[in-house]
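Below: one structure, written as structure tokens.
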Protein chains: 2
Amino acid sequence: MDEIEIPDSIRCELVGKGGLNGIVESLPDDQTIEDIVSVARALSDPVRVRVLFALSVQPLCVCLFVAMAGYAYSKMSYHLSVLKEGGLVCARQEGNYLIYYPTDLGRRVVLWIR
Amino acid sequence: MDEIEIPDSIRCELVGKGGLNGIVESLPDDQTIEDIVSVARALSDPVRVRVLFALSVQPLCVCLFVAMAGYAYSKMSYHLSVLKEGGLVCARQEGNYLIYYPTDLGRRVVLWIR
DNA sequence: AACCTATTTCAAACCTATTTGAAACCACAA
DNA sequence: TTGTGGTTTCAAATAGGTTTGAAATAGGTT
């Protein structure tokens, strides 16, 4: 299995951990990895990070983000949808308005980053 | 400034927080946002997340990642460079080999995700 | 019903990230 | 010094994410 040439220092520590397989098996499962990736993707744009932090202050409607960023509605809507897919925000309807607010995960992420 | 039509519930809470400007000013500064984004970007690919978690078990050389993922060297090298740019990993040379290991930030990220 | 207003959805254009394979680099051995 | 193995770098090709503007939706008003 581990017939690869590697430095002794590494090989030594590696055998004590069940070889490369041991390490691979200790990794988070695929679903968990996917979840991490989708949160990370949601945070990989400056506007989306700002939106999340703003929401951690108080719930806001889309028109305020539009005012804040100077973006078109459709553009802001796209970024909000990425945040939603990452499970960081959700929204409730209030009359004509959609009011976004952070999920528990969204709140925890903000707290940790701070 | 805040001449935008918004629901009263939102407006109410908003004035108590210095209006939209108050919220915008409470946001992290640009440099901090950039740092967050580059970490997030580094984690926004499943292979990179696996590599980081594997490194949090023990330092490893590139050939092991290549074996683990079945990627070409150049491909793995690219992903390692993204992790490096995000400040999550660094490397030391040992003979012919480059041995990657997590930075402090990299370790903290892994601990928090778990 | 007809009409606003806030927001989303869609497809096309656009831009950035990733993959590929070849070539370059570097440390070491013969 | 030539050779070899591990790794990176580069440029071209490809895939994937973002922007744009127009059209669709949905709730409220007249």
Side-chain angles (χ1 to χ4, degrees), chain A residues 2-11 14 20 34 37-51 55 59-86 89-101, chain B residues 2-11 14 20 34 37-51 55 59-86 89-101:
Chain A
D2 285 343
E3 297 309 327
I4 307 168
E5 291 285 338
I6 52 176
D8 287 345
S9 60
I10 302 292
R11 160 146 286 138
L14 195 52
L20 195 47
E34 281 313 316
V37 165
S38 86
V39 168
R41 192 168 104 62
L43 293 173
S44 64
D45 178 289
V47 169
R48 294 196 293 257
V49 174
R50 285 194 184 93
V51 164
L55 285 180
L60 295 166
C61 52
V62 182
C63 52
L64 286 171
F65 295 127
V66 163
M68 177 173 134
Y71 279 12
Y73 269 94
S74 59
K75 192 168 166 178
M76 188 51 77
S77 193
Y78 167 74
H79 287 291
L80 287 167
S81 78
V82 177
L83 281 167
K84 212 190 297 188
E85 273 164 30
V89 310
C90 47
R92 66 170 186 270
Q93 193 135 14
E94 211 165 285
N96 231 344
Y97 297 83
L98 258 186
I99 310 220
Y100 279 84
Y101 55 96
Chain B
D2 287 345
E3 297 309 328
I4 309 169
E5 291 286 338
I6 54 175
D8 286 347
S9 60
I10 302 290
R11 158 146 288 137
L14 195 53
L20 196 48
E34 282 311 317
V37 165
S38 86
V39 169
R41 194 168 103 62
L43 293 174
S44 65
D45 178 289
V47 168
R48 294 195 293 257
V49 174
R50 287 198 183 91
V51 164
L55 285 180
L60 295 166
C61 51
V62 181
C63 51
L64 286 171
F65 294 127
V66 164
M68 176 170 135
Y71 279 12
Y73 269 95
S74 60
K75 193 167 167 179
M76 187 52 76
S77 192
Y78 167 74
H79 287 291
L80 287 168
S81 79
V82 176
L83 282 167
K84 213 190 297 189
E85 272 163 30
V89 309
C90 47
R92 64 170 188 270
Q93 192 135 17
E94 210 165 287
N96 233 345
Y97 296 83
L98 258 186
I99 309 221
Y100 280 84
Y101 55 96

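Letters A, B, ... are given to chains in the order of the sequence lines, protein chains preceding strands, and every chain is numbered from 1.
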Would you tabulate the pairs of protein nitrogen or oxygen atoms and nucleotide nitrogen or oxygen atoms of nucleotides 2-7 of chain D closer than 3.5 angstrom?
unit_1 : atom_1 : unit_2  : atom_2 : d
D/dG5  : N2     : B/Asn96 : OD1    : 2.9
D/dT7  : OP1    : B/Val62 : N      : 3.2
D/dT7  : OP2    : B/Cys63 : N      : 2.7
D/dT7  : OP2    : B/Tyr73 : OH     : 3.2

Name the pairs: protein N/O against N/O of nucleotides 12-16 of chain C, kept only if under 3.5 Å.
none

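Shown here are the side chain to side chain contact (heavy atoms under 4.5 Å, CB included) partners of B/Val37, two or more places apart in sequence or in another chain: A/Pro46, A/Val49, B/Ile33. Listed by chain and residue number, B/Val47, B/Ala69, B/Lys75, B/Met76, B/His79 satisfy the side chain to side chain contact (heavy atoms under 4.5 Å, CB included) test with B/Tyr71 (two or more places apart in sequence, or in another chain). Listed by chain and residue number, A/Asp30 satisfy the side-chain hydrogen bond (donor to acceptor under 3.5 Å, both in side chains) test with B/Arg50 (two or more places apart in sequence, or in another chain). For B/Ser9, the side-chain hydrogen bond (donor to acceptor under 3.5 Å, both in side chains) partners at least two apart in sequence or on another chain are A/Glu94. Taking the side-chain hydrogen bond (donor to acceptor under 3.5 Å, both in side chains) definition, one finds that B/Glu85 meets it with nothing, sequence neighbours left out. For B/Ser77, there are no side chain to side chain contact (heavy atoms under 4.5 Å, CB included) partners, not counting sequence neighbours.
With contacts defined as side-chain heavy-atom distances shorter than 4.5 Å, the pair A/Val51/A/Val89 does not qualify. Residues B/Tyr101 and B/Cys90 meet the side-chain proximity criterion, which asks for heavy atoms closer than 4.5 Å.
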Given B/Val82 and B/Asp45, is the side chain to side chain contact (heavy atoms under 4.5 Å, CB included) satisfied, shown in steps?
CA-CA 10 Å; B/Val82 176; B/Asp45 178 289; over 6 Å; no
Going 5' to 3' through nucleotides 17-24 of chain C and flagging B where a protein heavy-atom sits under 4.0 Å of the base, S where only the sugar-phosphate is that close, and - otherwise, we get SSBBBB--
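Here the straight-line distance linking atom CD1 of A/Ile4 with atom SG of B/Cys61 works out to 8.0 Å at 0.5 Å rounding. Annotation: the span from B/Phe65 atom CZ to B/Arg48 atom CZ amounts to 13.5 Å, rounded to 0.5 Å. Atom CG of residue A/Leu55 and atom CG of residue A/Leu80 lie 7.5 Å apart, to the nearest 0.5 angstrom.
Under the 3.5 Å distance criterion, the side-chain polar atoms of A/Arg41 are left unmatched by any main-chain donor or acceptor of B/Ser44.
The interatomic distance linking B/Leu80 (CG) with D/dT9 (P) rounds to 11 Å, in whole Å. To the nearest angstrom, P of C/dA27 lies 16 Å from CZ of B/Arg92.
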Given the rule that a pair is Watson-Crick or G-U wobble with both distances under 3.5 Å, how would you write DNA chain D in dot-bracket, using | for pairs to a different strand?
||||||||||||||||||||||||||||||
